[in-house]
2 protein chains.
Amino acid sequence: MVLNQAELKKHLKEVDLFTFLTEDQFNQLVAAAAQKKLAKNEVLFLEGDPGEAMFIILEGAVQVYTLSPEGKEKILAILGQGDLLGELSLLDGEPRSATAQALEPTRLAVIDRAQFERFIRENSEVALILLRDLAHRLRQTDAHLQDLVFKDIQSRLAKVLLDLAEDYGENTSQGVKIKLKLTHQQLANYVGSTRETVTRTLLAFQDAGYVGFDQRFLVITDPETLQQIADGEPK
Amino acid sequence: MVLNQAELKKHLKEVDLFTFLTEDQFNQLVAAAAQKKLAKNEVLFLEGDPGEAMFIILEGAVQVYTLSPEGKEKILAILGQGDLLGELSLLDGEPRSATAQALEPTRLAVIDRAQFERFIRENSEVALILLRDLAHRLRQTDAHLQDLVFKDIQSRLAKVLLDLAEDYGENTSQGVKIKLKLTHQQLANYVGSTRETVTRTLLAFQDAGYVGFDQRFLVITDPETLQQIADGEPK
DNA sequence: TTTGCTCTATGTAGTATTTGACATACTCCC
DNA sequence: GGGAGTATGTCAAATACTACATAGAGCAAA
């Protein structure tokens, strides 16, 4: 199914970055955007590829990860509806520094380099909006780095679960249900640990009653306590 | 001693970011820059401060770090001559997300928000140059994150030493002498470990003949092997 | 300048934890 | 029924924590 212009526009509206644009600028970008669909697990681009386009996620979810020499993965980000993807290569001309792969069926708006550059040139304040966005992401990445150094697996896992609940959560009677299924391996790759440790920690959370399961979906039943754990208070 | 305009200009020329500017743009910025001197260990700004200026390091070195709730430090960057500092707050308006402190007597050029914004406004392509720079730093930070996940202390320490040699090194008959003195504790804070582990690893490097000391300055005697260790090949 | 005091940095060891590697079932879908 | 994903335990390795001893640097008074 192909999105019509109105639907595409509705989605683009959800991109934080683009809520700063005027209606005119907005329509201009909508008109320029092509579309692409990805099946679950389909790879959008590989680390090392030349980067000649950026994407806006209209629907679905994408993981961005790199591989170590030994083949271990580190997930750098899990992006969902409304998120931008792959813009760095358009900004600095470098090849992709990570691989992007769909976690579920996903639809994207595609903006190639020429369109992007024209848009920036014709709307000079967009560069400032992008600068603000990148500054924000740089701070986030530094924070992620601190977490990795200062916090134990419990904290990091709790934090990731809360983040996922934020982005992919749905309120139910038992708590917030995370509609995005990730294997323990993927969670481990995300928090920088091993599958076994994630299994152990998740079981501990379950025993303590902080999380539960509903048809194999993870449900956050005690977000307050999880938040405390994420912030570093033990137990 | 106060830098004269010619000297200030010479230093600014060394900032990668600003080598893209025209002579005119360049002079404009030089004229706008005030100066500041820091004694060793003097704090330039604290995490949480409002950020109303950015700095260019003319001489000396500055460490940028954050504190965990328990008071442990993580050094995010060690910046030297020609590096930019504190520009994120000018871009996104957020408070400082880390503390900056001089590692040795340091001189800075100070560019406040008004100067910065005027400069950007009057030189629209500067925003694109900054975008490129931030994109680059985002990739670097991601790479740092991967190191933290994938590599052991040996590798991380080897990498940091090579980086320091690159930025603060001086060729001698025995090898590259690192002119910046860091305590084991600081190195530990940088690579995300403990002082004891750094001491042990450094001694191992010394025993193996990869590094040595010259009047308490660290000397890299076998950069090739260190590079291999940094890249993950063991021993 | 020298002496000695103090503070900081470094070296070393032993112990405790955390985590990763491996092995083995189990279970739930296709 | 087969395969992917999951649960769980054991073991070993890496690293952090704790504690203490020594060395060196900086400083101040003689």
Side-chain angles (χ1 to χ4, degrees), chain A residues 39-41 63 68-74 103-104 147-158 160-161 178 180-208 211-218 229 232 234-235, chain B residues 39-41 63 68 70-75 101 103-105 147-158 160-161 178 180-208 211-218 229 232 234-235:
Chain A
K40 180 171 176 174
N41 295 327
Q63 62 172 336
S68 76
E70 298 81 33
K72 287 192 294 187
E73 286 183 19
K74 170 71 179 104
L103 288 172
E104 47 185 48
D147 286 347
L148 227 37
V149 174
F150 292 141
K151 298 190 176 166
D152 60 16
I153 303 286
Q154 284 213 344
S155 298
R156 275 142 55 194
L157 189 58
V160 163
L161 294 181
I178 296 174
L180 181 68
K181 272 189 187 167
L182 294 175
T183 66
H184 290 190
Q185 183 64 61
Q186 287 174 317
L187 284 172
N189 294 343
Y190 202 5
V191 301
S193 178
T194 59
R195 186 187 55 71
E196 293 85 338
T197 302
V198 167
T199 298
R200 250 194 312 257
T201 308
L202 227 36
L203 282 174
F205 284 171
Q206 204 176 345
D207 285 350
V211 305
F213 285 91
D214 178 11
Q215 307 147 264
R216 325 212 85 240
F217 284 99
L218 225 157
I229 294 173
K235 203 41 196 268
Chain B
K40 180 170 176 174
N41 295 327
Q63 62 172 338
S68 77
E70 297 81 33
K72 286 191 295 187
E73 287 182 19
K74 170 69 180 110
I75 298 181
Q101 182 182 27
L103 288 173
E104 48 186 46
D147 286 346
L148 228 37
V149 174
F150 292 140
K151 298 190 177 167
D152 60 15
I153 303 286
Q154 284 213 343
S155 297
R156 274 141 57 194
L157 189 58
V160 164
L161 294 182
I178 296 175
L180 181 68
K181 271 189 187 168
L182 294 175
T183 66
H184 290 189
Q185 184 65 60
Q186 288 174 317
L187 284 172
N189 294 343
Y190 202 5
V191 302
S193 177
T194 58
R195 184 190 60 74
E196 293 87 338
T197 302
V198 167
T199 298
R200 229 178 307 131
T201 308
L202 225 36
L203 283 175
F205 283 172
Q206 204 176 344
D207 285 350
V211 305
F213 285 91
D214 178 11
Q215 307 148 263
R216 323 211 89 240
F217 285 99
L218 225 157
I229 293 173
K235 207 33 194 285

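In what follows, chains are A, B, ... by sequence order, proteins preceding strands, each numbered from 1.
- One N or O donor and one acceptor, one from the side chain of Glu196(A) and one from the base of dC22(C), sit under 3.5 Å apart.
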Inset, instruction - Using a 3.5 Å limit on both pairing distances, list the dot-bracket string of DNA chain C from the 5' end; Watson-Crick and G-U wobble pairs count, crossing pairs take [ ], interstrand pairs take |. - result: ||||||||||||||||||||||||||||||

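- When side chains are defined from C-beta on, Leu187(A) does not count as touching Val191(A), because their heavy atoms never get closer than 4.5 Å.
- Using a 4.5 Å heavy-atom cutoff, the side chains of Lys74(A) and Asn189(A) are not in contact.
- Within 6.0 Å of the NZ atom in Lys181(B), the count of heavy atoms belonging to other residues, nucleotides or ligands exceeds 12.
- The interatomic distance linking Lys151(A) (NZ) with dA16(D) (C1') rounds to 19 Å, in whole Å.
- Here Arg216(B) does not reach the OP1 or OP2 of dG24(D): none of its side-chain N or O atoms lies under 4.0 Å away.
- Side-chain contact between Phe205(A) and Leu161(A) is present, with at least one heavy-atom pair separated by less than 4.5 Å.
- Checking Ser193(A) against Lys181(A), the closest nucleotide of DNA chain C that is more toward the 5' end is the one next to Ser193(A).
- Between the CZ atom in Arg156(B) and the NZ atom in Lys151(B) there is a gap of 10.5 Å [rounded to 0.5 Å].
- In terms of polar N and O atoms assigned as donor or acceptor, the side chain of Arg195(B) comes within less than 3.5 Å of the base of dG11(C) in a complementary pairing.
- Protein atom CG of Leu187(B) is 19 Å distant from nucleotide atom P of dT8(C), rounded to whole Å.
- Rounded to whole angstrom, the span from the CZ atom of Phe217(B) across to the C1' atom of dA25(D) amounts to 13 Å.
- Here Thr197(B) reaches the OP1 or OP2 of dA16(D): one of its side-chain N or O atoms lies under 4.0 Å away.
- Rounded to a whole Å, the CD atom of Gln185(B) is 12 Å from the P atom of dA16(D).
- Taking atom CZ of residue Phe213(B) and atom P of nucleotide dG24(D), one finds them 13 Å apart after rounding to whole Å.
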Inset, instruction - Show your working on side chain to side chain donor-acceptor pair (under 3.5 Å) between Thr183(B) and Gln185(B) and close with a plain yes or no. - result: CA-CA 5 Å; Thr183(B) 66; Gln185(B) 184 65 60; over 6 Å; no

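- Checking the phosphate oxygens (OP1, OP2) of dG5(D), no side-chain nitrogen or oxygen of His184(A) falls inside 4.0 Å.
- Rounded to whole Å, the distance from CG on Leu157(A) to P on dT19(C) is 11 Å.
- A pairwise comparison of heavy atoms in Ser155(A) and Ile229(A) identifies OG-O, 2.8 Å as the closest pair.
- Atom C1' of nucleotide dT19(C) and atom CZ of Phe150(B) are separated by 16 Å, given to the nearest angstrom.
- In terms of phosphate contacts, Thr199(B) brings no side-chain nitrogen or oxygen within less than 4.0 Å of OP1 or OP2 of dT12(C).
- Spacing between atom CD1 of Ile153(B) and atom P of dA13(D) amounts to 18 Å, rounded to whole angstrom units.
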